[in-house]
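Below: the structure, in structure tokens.
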Amino acid sequence: MGDYDNDGWPDLFVGVRGGGDNLLYHNRRDGTFERVTGGVVVQDGGDTTGVAWADYDQDGFLDLFISDLGSRVRLYHNEGGRGFSQVGGLFDNLVASVGCAWGDYDNDGDLDLLSANGAARNNVLYRNDGGGRFSLVASGPVVSDGGYSTSAAWGDYDNDGDLDLFIPNRAGPDFLYRNLGDGSFARVTGDPFASDTGEANGCAWADFDNDGDLDLFVANYQASRSLLYRNDGGGRFTKMPDELPVLAPNQAVGVGVADYDGDGFVDLFVSQLTGGVDCIATAATAITG
């Protein structure tokens, strides 16, 4: 969701796999949506696996990055809410991106981009230099740890004022990186993250228990359950019991968080590829069962 035309109402973009055109729906502000049929953002086709809205050039309008399993990774610039244009040249060396996430990891006021590249390739981090320019980060654990990475989520889990990074993997342990505050990262190698493996696909940071720090949910595609880590503060996490109902859905492939019922607690939506209905849970259910 993203308000691409700045009318105060969130619009919806849906990525389509297998070569079809992506879908953009404009919010009519009456509880309904109108499908947008013109423009490059819905006519370029591809094999979309991830999308992320962000105002990368700080012009006041949301732009759109699209991950693609083929060679068509794309950045679309928002032309003042009137449509989009494709930005060429910035990410020509980036192929087969599985997931993406924007975050200002260096606290310079503009959004940087992480691409989770999958298929045992290293992930890619682009630093936003302002003025529509990006630099490829060439060294450090974030871009040198190989794994079948599927998505990413930025969040300040240790409350030190800078964004840390979690990257789930389909093979081997997931990656948690602590931001050292100087533009570099250190991988967290202790339990529980070092020993938990599976086919992780989606992830989300949220303060499920309202204790002031970010907890972590990881959607797992395997028959084994998804993972929920409670942040105990001080950089420590506790893995929640597998018996929690929210961890039960098989073949979980995505996760979203929002306070959908307005009760002051973040709720959790888990989507499944096959084998059952999608699951929505309140924060109390997520943490306590």
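Computed from heavy atoms alone, side chains included, the values below leave out hydrogens, waters and symmetry copies. All residue numbers refer to positions in the sequence shown, counting from 1.
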Donor-acceptor under 3.5 Å ([X] side chain, [Y] main chain):
X	Y	result
S184	L180	no
D68	G46	no
W205	A153	yes
D104	L111	no
N201	A219	no
N107	G161	yes
N128	G130	yes
S271	G254	yes
D215	D207	no

For the hydrophobic clusters of this structure (ILVMFWY residues joined by side-chain heavy atoms under 4.5 Å, transitively), does one cluster hold both [X] and [Y]?
X	Y	result
Y4	L12	no
V87	Y126	yes
W53	V42	yes
F33	L23	yes
F13	F84	yes

Got [X] and [Y] here, is their nearest side-chain heavy-atom distance under 4.5 Å?
X	Y	answer
N117	S149	no
L114	V124	no
L165	V142	yes
V51	F65	no

Criterion side chain to side chain contact (heavy atoms under 4.5 Å, CB included) on D21 and V16, from CA distance to verdict:
CA-CA 6 Å; D21 289 334; V16 176; over 6 Å; no
Can the ring centres of F208 and F217 be said to be less than 6.0 Å apart?
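F208 vs F217: aromatic centres not under 6.0 Å.
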Any residue meeting salt bridge (charged side-chain N to carboxylate O under 4.0 Å, His left out) with R17, in chain and number order, not counting sequence neighbours
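Salt bridge (charged side-chain N to carboxylate O under 4.0 Å, His left out) check on R17 returns D47.
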Salt bridge (charged side-chain N to carboxylate O under 4.0 Å, His left out) partners of R187, counting only residues at least two apart
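With neighbours one apart ignored, the set is D145.
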Taking it one step at a time, do D110 and Q58 satisfy side chain to side chain contact (heavy atoms under 4.5 Å, CB included)?
CA-CA 7 Å; D110 47 35; Q58 298 181 309; 4.2 Å; yes
Mind checking what makes side-chain contact (heavy atoms from CB on, under 4.5 Å) contact with F61, not counting sequence neighbours?
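N6, D59, N78.
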Mind checking what makes side-chain contact (heavy atoms from CB on, under 4.5 Å) contact with R127, not counting sequence neighbours?
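For R127, the residues satisfying side-chain contact (heavy atoms from CB on, under 4.5 Å) (neighbours in sequence not counted) are Y105, D106, D112, D129, S135, V137.
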Mind checking the [atom1]-[atom2] spacing from [X] to [Y]? Nearest 0.5 Å is all I need.
X	Y	atom1	atom2	answer
E34	N27	CD	CG	10.5 Å
D63	W102	CG	CH2	7.5 Å
M1	L62	CE	CG	12.0 Å
L228	L216	CG	CG	8.0 Å
D3	W9	CG	CH2	10.5 Å
D196	L227	CG	CG	5.5 Å

Stepwise, does the side chain to side chain contact (heavy atoms under 4.5 Å, CB included) test hold for Y229 with V218?
CA-CA 8 Å; Y229 300 100; V218 182; 4.0 Å; yes
Might you point out which heavy atoms bring [X] and [Y] nearest each other, and give the distance in Å?
X	Y	result
A152	C203	C-SG, 3.9 Å
V255	G202	CG1-C, 3.8 Å
A200	D174	CB-OD1, 3.6 Å
N123	A116	OD1-CA, 3.3 Å
N122	S144	OD1-O, 3.6 Å

Sort and list the pairs that fulfil side chain to side chain donor-acceptor pair (under 3.5 Å) and have at least one residue in residues 79-89, not counting sequence neighbours.
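Output for this query lists H77-E79, E79-S85.
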Check against side chain to side chain contact (heavy atoms under 4.5 Å, CB included), T150 and E199:
CA-CA 9 Å; T150 54; E199 289 192 38; over 6 Å; no
With F134, which residues qualify under ring pair (Phe, Tyr, Trp, His ring centres under 6.0 Å), at least two apart?
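Ring pair (Phe, Tyr, Trp, His ring centres under 6.0 Å) list for F134, sorted by chain: Y56, F91.
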